[in-house]
Amino acid sequence: MQKLIEVASEGNQPNIKSAPVTIIIAYDLKYYQHIHLLAPHMDVSKVENQSEKERDKFARELSWLQAGYILIAARMLGIDCGPMNGFNKTLTDEVFYSGTSWRSNILINLGYGDHKTLRPRAPRIDFEDACQIL
Ligand SMILES: Cc1cc2nc3c(=O)[nH]c(=O)nc-3n(C[C@H](O)[C@H](O)[C@H](O)COP(=O)(O)O)c2cc1C
């Protein structure tokens, strides 16, 4: 936990300290090794032939989707979630994933907050302003 606090931005450190669990959502640049299992309908050569940069972009984008699924699942179980983008990813990778093909993308605090002191949920932009029907 201390290692994670040190890689987080100053504003996020107290929230990590107070959360019982913080998840690092990370992705594996070697995800293509699992494509046979995860997407048997896909042509594996397409991902096998990607450059490292393309692979990183592809995996990072998909890991955002996984983060969203985790937020939904945790909230369905009544767990409060605090997603955080404010942390040093390069340092996190050095500390936690050195010598591996894993890369960090986002942190999520999980726990049961005191709803008397938690800040209220932020307002949402109206559908008409946030979406375009094309
Ligand atoms: C992608 C993403 C990154 C965020 N990064 C931070 C962060 O670094 N620090 C922080 O205090 N809040 C951050 N937030 C916002 C809080 O987690 C915010 O309180 C939360 O999204 C509120 O969600 P809710 O209104 O659905 O409860 C981030 C939110 C998202 C979606």
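Given the structure is predicted, the values throughout are model-derived calculations rather than measurements. One is the number of the first residue; the rest follow in order along the sequence.
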Common cluster, [X]/[Y], ILVMFWY with side-chain heavy-atom separation under 4.5 Å:
X	Y	value
V7	L107	yes
I79	I16	no
L91	M1	yes
I72	I23	no
L29	L37	no

Evaluate side-chain contact (heavy atoms from CB on, under 4.5 Å) for L38 paired with Y31, printing each intermediate quantity in order. CA-CA 10 Å; L38 298 173; Y31 67 88; over 6 Å; no

Sub-3.5 Å donor-acceptor pair from the side chain of [X] to the main-chain atoms of [Y], do we have one?
X	Y	answer
D126	E128	no
Q13	A8	yes
K17	I5	no
S18	N15	yes
E54	S51	yes
R60	F58	no

Could you tell me which non-hydrogen atom of [X] sits nearest to which non-hydrogen atom of [Y], and how far apart they are?
X	Y	answer
N105	K89	O-CE, 3.0 Å
R124	R121	NH2-NH2, 3.2 Å
E48	R55	O-NH2, 2.7 Å
G86	N12	O-ND2, 2.9 Å
Y27	S63	CD2-OG, 3.7 Å
L110	A74	CD2-CB, 4.1 Å

Pairwise distance [atom1]([X]) to [atom2]([Y]) - rounded to 0.5 angstrom:
X	Y	atom1	atom2	answer
Q50	D56	CD	CG	10.5 Å
L71	I108	CG	CD1	4.0 Å
K30	T100	NZ	OG1	9.0 Å

Give a yes-or-no answer on whether the side chains of D93 and T90 include a donor-acceptor pair shorter than 3.5 Å.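 Note: D93 and T90 side chains miss the donor-acceptor criterion.
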
Could you verify whether a donor N or O on one side chain and an acceptor N or O on the other, from D80 and H115, lie under 3.5 Å apart?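 Looking only at side-chain atoms, H115 and D80 do form a donor-acceptor pair, the distance falling under 3.5 Å.
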
Is it true that atom NE2 of H36 has more than 12 heavy atoms of other residues, nucleotides or ligands lying nearer than 6.0 Å?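 Open.
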
Are there over 12 heavy-atom neighbours, none belonging to I125, within less than 6.0 Å of that residue's CD1?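 Not buried by this count: 12 neighbours or fewer within 6.0 Å.
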
For the residue pair F127 and I133, establish whether any side-chain heavy-atom pair is separated by less than 4.5 Å.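 In contact.
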
Quick one, S104 and F87 - any side-chain contact, counting heavy atoms below 4.5 Å?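 Yes. Closest side-chain heavy atoms under 4.5 Å.
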
Is the Lys NZ or Arg CZ of R103 less than 6.0 Å from the centre of Y97's six-membered ring, within 45° of the axis?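 The answer is no, since R103 fails at least one limit relative to Y97.
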
What's the verdict on side-chain contact (heavy atoms from CB on, under 4.5 Å) for M84 and N109, showing C-alpha distance, side-chain angles and the deciding distance? CA-CA 8 Å; M84 297 174 297; N109 285 327; 3.3 Å; yes

Could you go step by step and tell me if Y32 and V44 meet the side-chain contact (heavy atoms from CB on, under 4.5 Å) rule? CA-CA 7 Å; Y32 56 88; V44 179; 5.5 Å; no

W64 and I25: CA distance, side-chain angles, deciding distance, side-chain contact (heavy atoms from CB on, under 4.5 Å) verdict: CA-CA 8 Å; W64 280 113; I25 301 287; over 6 Å; no

